[in-house]
Amino acid sequence: MDAGLYIHIPFCVKKCSYCDFYSITDGSLYPAFVEALKSEMRMTRDSNLTFDTLYMGGGTPSVLDAETIGNIIETARQSYEILPHAEITLEVNPGTVGLKQFEEYRCSGINRINIGVQSFDPVRLRFLGRIHSGDDAQAAISRAQKAGFENLGLDLIYGIPNQTKTSWLKDLKLAIEFEPRHLSCYMLSFEPGTPLYIDLQEDRLRPLAEPQVCELFETTLEFLSDHGYVQYEISNFARESMTRSGLKGADRNRSRHNMKYWNFAPYIGLGPSAHSFLEPKRYWNCADVKKYIQDLDAGRLPRSGVERLGMEQLMIEAIYLGLRQTQGILIDGFDKKFGVTFRTRFKDTLDMLEAKGLIGLFQNRCALTSKGMLYLDSIAAMFI
Ligand code: SF4
């Protein structure tokens, strides 16, 4: 199975109020970071794996100019076997990129753009602490398309305090007017350590009530399905489009890279805080740009942890990752991989979840129902 390469660019213009991804706002470290990143690639050179995806996320990779991005891709190609047809994605923050920069990104080897729109609504954008307006987001999408990026994904967030079904539908409608191939619709979460989490703890904000959040989730599924977007993971939707042979298909519009995480494929993560998985081993880098640079300057890999997953852990992980996807857990594959009989081993849990309408059991699949998708974490925990 081909592997995925993830590169974490740990810089943002400003931190958003809800975000717990590792990033800093000190742009003076860009050059030293890029040199360190290139050293990390050369030190972890790997000729045993072939890569069919490269994903530059963060942080805000689009704070780096196209020449730097091109340079990083070139060093990645020298260090790893990146296949000619690889999906090469760059995450873009709408407040950071003009038309010329999109055109240059395209020349640098990027063939897929994912834009963090989050919302087009000024009130929601202010609440989330985004640096851009709704108009900026629309302009960024148009520019990316004008620059020739056909493979375009947009990220949106819902479940924001005071958000109504009408205002969420407005965001969804505007998003699909651009006909992106891919949409990620994330439910707002309050992650420990973020400003939003602190506001919540200190009673400065009231989250949207659970029934309303559920309604927005159901609205998302219904609206996107009515408009030709196929849900393939809890938060991810691919546009159904005609293939050359005239068949309808949404598969080719999925995020090939993110599928690696959900399907137990090997992936290597580079940059501060990035995680790697080479079954059964998982390891990760320190979440500190300065330490990352110092380590690599001194010829050391910037690792901060490693774990070897035992069979039980791998099994739980396979359940969690399988349930995230609409196809669910493929039972015969699971039985073969772990030498168990899924239906027997988890019979009581499966019976209970099925009776509550939270999962569906089919001939060879076990998948969450749309109601079950709202409770993924607690359902996965029931299998432990
Ligand atoms: S959401 Fe994106 S732009 Fe905002 S702080 Fe997080 S990584 Fe940076």
Side-chain angles (χ1 to χ4, degrees), residues 6-30 33-34 37 55-65 68-69 72 89-98 101-102 105 110 112-141 144 152-161 163 171 175 182-200 205 235-236 255 257-258 261 269-275 284-289 292:
Y6 174 75
I7 297 180
H8 189 82
I9 308 292
F11 301 105
C12 291
V13 175
K14 170 180 167 279
K15 286 297 287 183
C16 303
S17 60
Y18 59 94
C19 175
D20 74 337
F21 292 124
Y22 174 68
S23 67
I24 60 168
T25 53
D26 180 0
S28 69
L29 292 172
Y30 294 172
F33 161 74
V34 172
L37 176 64
Y55 193 102
M56 301 179 88
T60 304
S62 54
V63 294
L64 299 181
D65 59 35
T68 310
I69 294 287
I72 293 171
T89 305
L90 183 82
E91 275 184 358
V92 166
N93 188 328
T96 55
V97 183
Q101 200 169 337
F102 272 119
Y105 281 146
I110 302 290
R112 182 173 183 273
I113 290 282
N114 199 74
I115 303 184
V117 172
Q118 318 314 355
S119 175
F120 296 101
D121 180 302
V123 177
R124 320 271 161 253
L125 288 169
R126 210 172 313 123
F127 177 85
L128 296 170
R130 302 288 297 175
I131 57 168
H132 58 88
S133 67
D135 286 347
D136 291 338
Q138 292 194 57
I141 302 167
L152 185 74
L154 305 180
D155 289 353
L156 296 172
I157 293 181
Y158 66 97
I160 300 168
Q163 189 175 31
D171 272 347
H182 192 269
L183 273 172
S184 299
C185 298
Y186 297 109
M187 193 185 287
L188 179 67
S189 59
F190 296 86
E191 301 299 333
T194 60
L196 273 198
Y197 180 82
I198 296 165
D199 283 350
L200 184 69
L205 70 83
S235 311
N236 287 283
S255 162
H257 184 80
N258 286 345
Y261 301 137
L270 305 167
S273 81
H275 282 58
W284 53 94
N285 284 347
C286 64
D288 180 335
V289 183
Y292 175 84

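Remember, it's 1-based here, ligands and their atoms both numbered in the order they're listed.
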Flag if over 12 foreign heavy atoms under 6.0 Å of OH, Tyr22: yes
Numbering as shown, the atoms of ligand 1 that approach Gly59 to under 4.0 Å (heavy-atom distance): 7 (S)
Asn236/Ser184 under side-chain hydrogen bond (donor to acceptor under 3.5 Å, both in side chains): CA gap, chis, key distance, verdict: CA-CA 5 Å; Asn236 287 283; Ser184 299; 2.6 Å; yes
Aromatic ring proximity, centroids under 6.0 angstrom, Phe190 and Tyr18: no
Within-2.8 Å protein N/O/S contacts of atom 4 (Fe) of ligand 1: Cys16 SG
Any donor-acceptor N or O pair under 3.5 Å, side chains Thr25, Lys15: no
Distance-only polar pair, side chains of Tyr186 and Gln118, donor-acceptor under 3.5 Å: no
Asp135 vs Ser133, side-chain hydrogen bond (donor to acceptor under 3.5 Å, both in side chains): CA-CA, chis, key distance, verdict: CA-CA 5 Å; Asp135 286 347; Ser133 67; 5.2 Å; no
